[in-house]
Amino acid sequence: MRERARDVLKRLALCAGVSAALAVTTAGAMAQSSLPAPGPTVEAIKKRGELICGVDAGIPGFAFQDSAGKWKGFDVAYCRAIAAAVLGDPEKVKYVGLTAKVRFTVLQAGEIDVLIRDSTLTFSRDVQLGLTEVAINFYAGQGFMVRKSLGVKEASELNGATLCMVTGATLELNIADYARAKGVTINSLLFEKTEEAFAAAEAGRCDGYTDDTGSLAAARSTMKVPDDWVILSTVISKEPLGIHVRDGDERWRDVTFWVDAALKEAEESGVTKANADDLKTTSKNPFVMRLLGSEGDFGKLLGLDPEWALRAIKADGNYAEIYDAYFGPKALGLPRALNNLWTNGGLHYPLPFR
Amino acid sequence: MTERLRSWIHANLFSSRLNGFLTLVMLALLALTLPPLLRWAFLDAVYAGADRSVCGAGACWAFIDARFDQFFYGRYAPSERWRINLAALVLALFAAGAMWPRNPRRTECVILLVTLCPLIAGVLLVGGVFGLKLVPTDQWGGLTLNVVLTYATTAIALPLGVLLALGRRSRLPVVRWLSIGFIEIWRGVPLLTVLFMATVMLPMFLPDGLTLDRLVRAILGLSLFVAAYMAEVVRAGLQGISKGQYEAAAGLGLGYWRAHRLIILPQAFRLIVPGIVNTVIDLFKDTTLVSIIGLFDILGIVGQSTKDPAWLGLGREGYVFAAFVFFVCCFSLSLYSQSLERKIARSGGH
Amino acid sequence: MKDSSTGLWPMKNAHALLWQGVLLLATGLLALWFGGNAAEHLARRGMSLDFGFLGQTAGFDIPFHILPFASTDTYLKALGIAFLNTVLVAVLGILAASALGLTLGIMRLSANWLVRNTAGVIVEVVRNTPQLLQIVFWYVGVLQVLPQARQSLSLADTVFLNIRGLFVPAPLASPATLPLLAALVLALVAVPLIRHRLPDARGRTRWLWLVPPALLAALIATLDGWSVPKLQGFNFSGGITLPPELVALWAGLTLYTAAFIAEIVRASIAGVGKGQTEAARSLGLKPWLTLRLVVLPQALRVMIPQVTSQYLNLIKSSSLGAAIAYPEIVQIFAGTVLNQSGRAIEVMVIVMLVFLAVNLAASAALERVNAATALKER
């Protein structure tokens with residue numbers, strides 16, 4: 001009997017010990033709340049000799065590995081451009097493939113320098129997660145892909161349906177909001193990885209698959225018989241996908257912001273991968289001259305050298321070239337629509353290089 | 001001959017009315033399940049082909065054939081794969097030396113297995129020295145990754161487990177309570193959460209600039225977790241040592257550490273080798289969990305290959321193949337551990 | 001438990017204190033170092049540790065829940081719902097694994113060669129392959145090849161099986177259901193207790209065992225009918241739905257644990273020894289009574305601690321449901337909630353504490369059972 005009493009005591013003590021250990025850690029975490037100086041991410045990248053870029057673990061279009069293991073994709077091209085701007089070599093990137101679920105935690109934890117992973121910019125990610133939303137590189141919306149045989153034309157007909165999707169995104173929140181607004185029931189089945197969600201949709205576990213419109217085109221292309229599937233015209237949300245960095249390093253935020261602007265400005269001014277070197281010496285357009293570093297000291301102001309944007313453009317071309325390589329008619333065939341420059345009726349509007 | 005067969009059948013299958021009935025039920029069940037299974041796995045199976053158009057009603061082993069190298073080596077550059085083979089060979093040689101009971105230099109083999117071998121294997125796999133090309137760990141994958149994780153984790157967890165076991169039996173309350181706390185915390189939480197903490201959140205608890213490789217973090221997480229289980233195995237062994245041994249060791253004037261190193265632990269280890277092997281088997285199986293947190297071990301590679309447009313939707317073949325590989329490894333290890341157990345029982349144990 | 005033999009190496013009190021102080025200090029410093037680093041990271045992003053987020057609106061739906069849950073509920077409620085899903089699959093798994101494990105274990109001891117070896121093959125195959133692999137296999141390899149909703153396999157048009165899950169009729173409660181259910185549970189607890197307390201009257205109280213079945217019959221008879229699943233729109237409605245994620249996880253957990261339990265059962269029964277069995281036989285006990293009165297009580301004492309640790313493993317392994325989209329605590333709370341709220345440290349602390357608490361509570365409860373069986377032996 002005394003044995004048992006002692007055992008109970010042991011257990012209590014153990015609980016107390018665990019709580020105490022946690023309390024010590026928590027107290028330690030709370031004690032040091034004074035704000036340290038912002039970490040100079042650019043310095044760290046230069047010292048390390050490579051950019052650590054968080055990308056999608058594998059989805060055609062945005063980021064995927066080819067059969068030789070080389071990373072490719074729209075977001076990957078952005079990583080390459082940043083590496084070229086900062087380090088002078090687009091190859092000096094270490095890619096970390098991330099699932100939707102862990103991406104922000106990994107960025108918060110400091111393992112990656114920048115997250116370019118078809119991630120939606122939202123209020124709570126900016127304010128609540130302690131992240132900075134740098135720029136939008138792809139305008140998308142949440143859409144639906146269903147089996148043709150179901151005969152569904154619009155999302156509002158999906159009452160009672162089950163949809164497969166990847167967890168950790170804005171997807172499940174949008175679906176819940178949409179269902180509430182329309183007064184319908186839509187069951188969401190949340191998967192850890194894209195391929196699992198694809199497989200389940202393919203097998204018929206769900207009536208359809210939902211994702212942002214960019215990924216939907218990719219999803220359809222990887223189905224066994226892509227023609228069995230139809231992408232509904234309904235788009236239920238705004239999904240501005242873009243670049244995230246951690247709060248607390250303004251300089252780094254500036255670098256990534258202006259690399260994005262440089263790629264778009266290059267398209268607007270007609271600078272391409274092929275003609276960038278020539279234009280640097282021949283162009284008389286002051287915006288192009290400032291962009292390519294033949295005039296002004298924009299590079300120095302960013303803490304980089306004058307040719308930072310030139311190299312970024314030469315990595316994989318300007319915005320249009322990058323888009324066409326992965327979403328153009330020869331690739332996934334997704335019309336540019338909102339992703340046109342403002343001059344062509346789209347939303348991309350690079351801030352002026354002035 | 002037929003007479004013996006008949007008597008065997010009578011004794012083993014139809015010894016009583018109940019037994020006869022059970023035999024018939026069993027035969028009926030097997031007749032229902034085995035033929036379709038065999039037809040799927042062998043008769044209707046396709047063994048070679050370039051893509052899934054060759055696949056029919058049966059298993060499509062052509063998929064395994066096409067992806068065989070990836071399942072074993074992951075994305076490790078094909079021109080460098082001889083390094084994995086060589087490391088595996090070195091490992092196998094020393095492991096065989098350590099397991100072979102009549103090897104006169106067995107102790108040396110065991111010591112080299114946990115000191116020199118990891119060094120050789122590490123240099124071979126990572127490269128970057130002696131003219132070997134550097135292969136970053138994010139290209140490691142497949143069964144290689146499972147083996148690397150198991151081996152490295154065992155090498156860290158076993159010594160740590162011994163210390164924890166000694167700590168749990170210590171007379172000093174602080175040592176004892178810290179050991180108990182450590183062991184029970186790790187034994188109380190799922191491995192998945194430990195791996196998540198180690199691979200995703202650990203950088204948050206380290207200062208800036210101190211970055212550990214993803215694989216190293218996974219190994220650390222696994223090691224702490226497994227050390228807690230190792231500690232319990234070792235503790236069971238220590239409890240099997242009679243008090244007389246301790247008294248004799250003390251009587252010889254040996255100190256605490258020397259007594260344990262020379263007298264107590266060698267005896268305890270003889271008793272707990274089967275337990276350790278079983279823990280290693282569990283660890284080997286559990287390394288598949290890293291596929292959930294985004295490392296491409298054999299299970300992760302199989303999952304990813306099923307997304308390959310050329311081989312879409314052949315998950316079943318991939319998983320059956322992975323299961324077969326694990327079965328061969330784990331079953332042979334567990335046969336070894338069982339034979340050791342029997343030997344300990346024969347020699348009187350404790 | 002405490003090792004008295006370490007008293008052989010006496011340590012001066014001052015030394016002992018010193019060493020323990022150093023160890024405690026080192027541990028504390030390590031904890032502080034980790035905490036400090038985390039605080040620095042948090043502070044740079046303008047955040048601090050705060051469990052207040054639990055009160056925020058979840059905003060997402062959980063596809064499978066026992067109690068009602070809506071996207072307007074809080075994260076705290078999501079935690080509770082996800083925890084219930086964990087408990088559900090753990091309880092189902094423990095029940096099924098015990099039954100299957102006992103069966104397989106006894107089959108392995110059978111005198112029948114075919115029975116013995118079939119069970120042996122099953123147990124060895126299951127024990128020597130990874131559990132995660134098995135769960136994924138059940139989900140991807142087996143359940144995803146089931147037919148679509150319209151081509152469901154059906155049993156007498158009341159039970160349906162398709163890729164969307166297993167659909168079974170649900171009993172509809174009437175006013176009499178709840179009291180009868182309570183009475184049934186009470187009877188199941190009380191009957192063995194009464195018979196235990198009155199050992200002299202064992203023969204005369206045997207009829208008490210008729211009470212629970214009678215109550216069960218009454219319960220079924222007074223039901224308000226059954227809700228039978230019917231194909232409607234995209235899917236079946238009515239009845240109870242067991243989603244394939246639950247079934248796959250249940251199957252995976254059950255089979256794996258059962259194989260280990262079978263091995264424990266076999267070893268402990270074999271460990272009782274032939275002498276005991278022969279002695280009981282020579283006393284004229286029938287085989288069934290020999291097993292029940294002589295072998296099992298002894299084997300049980302060896303079995304219970306080992307089986308307990310298998311149960312605890314099963315509870316922890318239920319977290320593997322995250323790999324196949326079963327909405328348990330790791331998938332929902334350490335997944336979706338962590339991601340939406342960005343509170344990684346807080347969420348993981350809560351999840352680990354929940355598992356620790358469940359583990360300690362379960363092992364304490366099962367130890368009680370252990371103590372009770374040990375007591376009976378005297």
Side-chain angles (χ1 to χ4, degrees), chain A residues 10-11 13-18 20-22 25 28-29 36 39-41 43-44 47-48 50 52 57-60 64-65 67-71 94-99 101-112 192-196 198-199 202-203 219 221-226 249, chain B residues 52 67 70 74-78 135-141 173-174 176-185 188-189 192 196-197 199-214 217 291-296 300 302-315:
Chain A
K10 256 190 202 168
R11 254 169 234 297
L14 180 56
C15 282
V18 171
L22 283 167
T25 327
T41 312
E43 289 307 312
K47 203 172 129 204
R48 196 191 306 134
E50 64 181 1
I52 305 182
I59 183 152
F64 56 95
Q65 281 174 288
S67 53
K70 199 169 153 50
W71 281 95
K94 187 181 165 204
Y95 298 97
V96 180
L98 299 169
T99 59
K101 186 175 131 179
V102 303
R103 56 186 160 174
F104 295 117
T105 315
V106 168
L107 179 62
Q108 288 174 329
E111 188 187 349
I112 55 177
E192 204 94 350
K193 295 181 184 165
T194 339
E195 66 246 35
E196 292 164 357
F198 285 175
E202 177 90 73
S221 76
T222 62
M223 286 309 193
K224 236 181 212 166
V225 188
D249 190 347
Chain B
R52 75 180 142 96
R67 288 289 182 142
Q70 277 214 358
R75 289 204 199 85
Y76 209 89
V135 184
T137 56
D138 54 359
Q139 287 174 21
W140 301 18
V174 170
R176 194 168 63 243
W177 284 112
L178 282 178
S179 304
I180 292 178
F182 186 94
I183 293 171
E184 294 302 331
I185 286 179
V189 295
L192 189 56
F196 181 82
M197 291 280 281
T199 52
V200 178
M201 289 173 61
L202 186 62
M204 212 180 275
F205 295 93
L206 298 176
D208 277 343
L210 178 63
T211 46
L212 290 172
D213 189 90
R214 227 159 205 245
R217 278 180 275 145
S291 67
I292 301 184
I293 50 138
L295 293 180
F296 289 101
V302 167
Q304 215 202 16
S305 325
T306 56
K307 206 177 66 174
D308 177 351
W311 299 103
L312 215 55
L314 291 170

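What you see is a predicted model; the values in this text were computed from it and never measured. Naming convention: chains lettered A, B, ... in sequence-line order (proteins, then strands); numbering from 1 in each chain. Reckoned from all heavy atoms, side chains included, excluding hydrogens, waters and symmetry mates.
Looking at A:Lys47, neither its backbone nor its side chain comes within 4.5 Å of chain B, counting heavy atoms on both sides. Proximity to chain B involves both the backbone and the side chain of A:Thr105, based on heavy atoms less than 4.5 angstrom apart. In this structure, the portions of B:Ile292 lying under 4.5 Å from any heavy atom of chain A include both its backbone and its side chain. Proximity to chain B is limited to the side chain of A:Leu98, based on heavy atoms less than 4.5 angstrom apart. For A:Glu195, the parts lying near chain B are the backbone and the side chain together; criterion is any non-hydrogen pair under 4.5 Å. For a residue to count as touching a neighbouring chain, one of its non-hydrogen atoms must lie under 4.5 Å from one of that chain's; by this rule A:Gln65 touches chain B with the side chain only.
Between A:Tyr95 and B:Asp138 there is no side-chain heavy-atom pair separated by less than 4.5 Å.
Across A:Glu196, A:Lys193, A:Gln108, the residue that shares the most heavy-atom pairs under 4.5 angstrom with chain B is A:Lys193. Note on B:Arg217, B:Met201, B:Gln304, B:Gln70: by heavy-atom pairs under 4.5 Å with chain A, the leading option is B:Arg217.
Residue B:Thr199 comes nearest to A:Glu111 through the heavy atom pair O-OE1, 3.8 Å, listed as atom of the first residue, atom of the second, then distance.
How far CD of A:Glu192 is from OG of B:Ser291: 10.0 Å, rounded to the nearest 0.5 Å.
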